[in-house]
Amino acid sequence: MANNAPITPRVDDYSQWYLDVIREAQLADYSPVKGSMVLRPHGFSIWEAIKDDLDRRFKETGHVNAYFPLFIPLSFLSKEAEHVEGFAKECAVVTHHRLRGVVDENGKKGVEPDPAAKLEEPLIVRPTSETIIWHMYGQWIQSHRDLPILINQWANVVRWEMKTRPFLRTAEFLWQEGHTAHATEPEANEEALRMLEVYRAFAEETLAIPVVTGSKSASERFAGAVETYTIEAMMQNGWALQAGTSHFLGQNFAKAFDVTYQTPDGDLEHVWATSWGVSTRLVGAVIMTHSDDTGLVLPPRVAPVQVAVVPLWRKDGEKETVLPFAEQIAAELRSVGIRVALDTRERMKPGAKYYDWERKGVPLRLEVGPRDVAKGAAFAARRIGGPKFGIEAEGIGARVLTELDAIQNELLERARTFRNERMFELSDYGAFKDALSDQGGWYLVPWCDDAEAENQIKSETKATIRCFPIGRQDEAAGQNCFYSGKPATHMALFSRAY
RNA sequence: CGGGGCGUAGCGCAGCCUGGUAGCGCACCUGCUUCGGGAGCAGGGGGUCGGAGGUUCAAAUCCUCUCGCCCCGACCA
C-alpha cells in the first residue's frame, strides 16, 4: 500500500488491515530473523506505558522485581514432566559457545560451530522461567518465615513458533512473569485470582479493553499448571484473544525442584506456587480492539503522544504570533502531565499533519492558527470522532485532561457494546455451528467437560473453549451439555481465537 | 512437512506469454509557488530484475537447480 493510501479494513481481509495499521503507525518492522519483530520507538513506547502502569499495580499488591538468566540448562526443563512436554517443541537450543568461522571459502553461509567449544550440557533460551526460578527458590526457602515470595520479572522470552504474527505471536517477545511461592494451597490460589483481577482491572481501566475472566479447560491449560485463569478479549473480527494468564501451579514445581519449607510445627511441606504473565501481545490487542479505517486508535492512558498541537501559519508574520502561542499551550499541557507533540514540521500542509497524527493513533489534536490566537483558544479534534470544538487557552490543561478521560471511557464503552452485541447464549450444537459460521462471535453454552468432544468441536468449527467464565458456572446446574446432551458441569465460552 | 501464490529502487507494482540490455506510483533530494483536511510544477538521485548454472549473437523474459517470503493446514500466549 502506498504511504498515503487510506487504510480500508474488510472483514475478509482483517489480517491485512491489521498489518497495515502497524506499518502506517510505524509501530514495528519485521526483523531479518523469521518470526521476530523490531519494535520501533512508537510501538515500544506503548509497551513502556503498559509496563509502567502494570508495574505500579504489581507494587501496590506487594510484589517486587528481580531478574533471572536468559539461559536455562536443558536438564531443568525436563524436571517437570508436563512442562517439558508443553515447551520442548518450541525451544531455541544453544549447543556451542564459539564458531570456527563465519564464512566459508566461497563466502557463503559456512558457519561451523567449533567442536572444541561444545557445551557439556545444552542450554535453552527461556520460553518461560519457572524452572530457573524454582531452582533458585529451592535455595532461598527453608522456613515458613521465608514465605511468601512475591517476585516479578520483566524480560524477553523465546518460543520458536511455526506461525507468527506481529505482536500477537512472535518468536521473541517482551513480557512480565510473576512467580510466587506460598505456604498454603488457598493462599496460592488466592494469589493467582488476585493477579487475574489486577489484569482485568488493568485491561479495562488502562487499555479500555473489556475482558471476560475465567478458567481454562484442561487442554488449554498452561503446561505444568493445576489451574489456568485467563482474561479473554474480543477483537473486531469477533475472534477471541487471550490477553493475560494467571496460573495456580499447585506443588508441581516445588516437587520437581524439591522445594520444601518447615512449618511452625516442624514438619516439612512442599511450597505452593503461582505464575502469571502478560506480553507485548497486549499491544496487538489494543490495535485490534480500537483501530479503524484511518489507522491506529490509542487509549489516552497508553498513548505515547496524547495531544498533538498543530500550529498553522501562511503569511509572513503569522508564525511570529502563532508559534509562541502554540508553544505556550503545549507547555501548559505538559505542566499537568500530558504527553504532547508540537508539530512544527515545515513544508508539510496541515491536512497531511492531521492524517499523520490520526494514523498514529493520537487521541486528541489541537489546531492553533491565527484565528485561534485572536480568540485566545485552540481548536480540538478527537481521534474517535465527533465535531471539532474550541478550547480556551485559559485553563486548557484541566480541560484537556477531562477530555482525555472522556475519550478513554468512550473507547471502553464502545468496545464493550461491540463485544456484548456479539456474545450469545445457546444450548444447541446445530444452532451454534450455524450461528458461528454466519456471524462469528462468542457463545456461552452448557458443557460437560470432555477433552475428546472439545477436540471434535475444534476440528468441525475451529472454535475452542476460551474459558469457563467466572460468575457464570452456577448456571450449568440442571442444564444438559450442548454437544453430548449429558448433564452439564460447566458453562463454556466457545469462539474462534488467535 | 503437505497444498497454493510470490520474489524487479525504501514501499507497492507493471514488464515475462511473443528474448533486444528496465519502467510506473508513492517516498527521497534541489528550486519556485503553496499552506485551516493527504499540494503543484520543474529538475534530480537510487535497481548487477533473490541466487547459481544452462540455451542464445543477445536473458528480468526460455530451461534446470537452489534460496527466501506470504496464504491455507499441523503447533501455539
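A note on names: the letters A, B, ... follow the listed sequences, proteins ahead of strands, and every chain is numbered from 1.
- Across the P atoms, B/U61 and B/G50 are found 8 Å apart, a figure rounded to whole Å.
- In this entry B/C62 has B/G54 as its Watson-Crick or G-U wobble partner, both defining distances falling under 3.5 Å.
- B/C26 and B/C41 are spaced 9 Å apart, taking the P atom of each and rounding to whole Å.
- You'll find a donor-acceptor pair under 3.5 Å spanning the side chain of A/E358 and the base of B/G37, going by distance alone.
- Side-chain contact annotation: A/R57 with A/T206, donor-acceptor N/O pair under 3.5 Å present.
- Remark: ring of A/Y354 not stacked against base of B/G37; the cut-offs of centroid gap under 5.5 Å and plane tilt under 30° are not jointly satisfied.
- If you check every strand for non-hydrogen atoms under 4.0 Å, A/R165 touches nothing.
- For the pair A/K462 and B/G73, the criterion of a side-chain N or O lying under 4.0 Å from OP1 or OP2 is met.
- Across all strands shown, B/C35 forms no Watson-Crick or G-U wobble pair with both distances under 3.5 Å.
- Side chains of A/Y354 and A/D343: no donor on one and acceptor on the other come within 3.5 Å.
- Annotation: cation-pi geometry not satisfied between A/R359 and A/Y355 (NZ/CZ under 6.0 angstrom from ring centroid, within 45° of ring axis).
- The phosphate of B/G36 (OP1 or OP2) has no side-chain N or O of A/K353 nearer than 4.0 angstrom.
- For B/A77, there is no paired nucleotide, since no Watson-Crick or G-U wobble pair has both relevant distances below 3.5 Å.
- Across all strands shown, B/C17 has no partner, as no Watson-Crick or G-U wobble contact with both distances under 3.5 Å is found.
- Using modelled atom types, one side-chain atom of A/Y14 and one backbone atom of A/Q236 make a donor-acceptor pair closer than 3.5 Å.
- Near-neighbour residues of RNA chain B inside residues 367-390 of chain A, defined by a heavy atom below 4.0 Å, number-ordered: A/E367, A/G369, A/P370, A/R371, A/D372, A/F379, A/K388.
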Assess the residue pair A/Y443 and A/F494 against the criterion (ring-ring contact (aromatic ring centres under 6.0 Å, His included)); give the C-alpha distance rounded to whole Å, side-chain angles, the decisive distance to 0.1 Å, and a yes or no. CA-CA 5 Å; A/Y443 295 85; A/F494 274 87; 9.1 Å; no

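- Across every strand in view, B/G12 sits in a pair with B/C24 that passes the Watson-Crick or G-U test at under 3.5 angstrom.
- The partner of B/C6, taking Watson-Crick or G-U wobble pairs whose two distances both stay under 3.5 Å, is B/G68.
- For the P atoms, the distance linking B/C63 with B/G44 amounts to 39 Å, nearest Å.
- If you check distances only, the side chain of A/R23 never reaches the base of B/G12 with a donor-acceptor pair under 3.5 Å.
- Mapping A/Y498 and A/W313 onto RNA chain B via the closest heavy atom, the residue that lands nearer the 5' end is A/W313.
- Taking A/F167 as the reference, nothing meets the ring pair (Phe, Tyr, Trp, His ring centres under 6.0 Å) condition, with sequence neighbours excluded.
- Regarding contacts with the backbone of B/G36, a side-chain N or O of A/K349 is found under 4.0 angstrom from either OP1 or OP2.
- The backbone N or O of A/L174 lies less than 3.5 Å from no partner atom in the side chain of A/S279, so there is not a single donor-acceptor pair.
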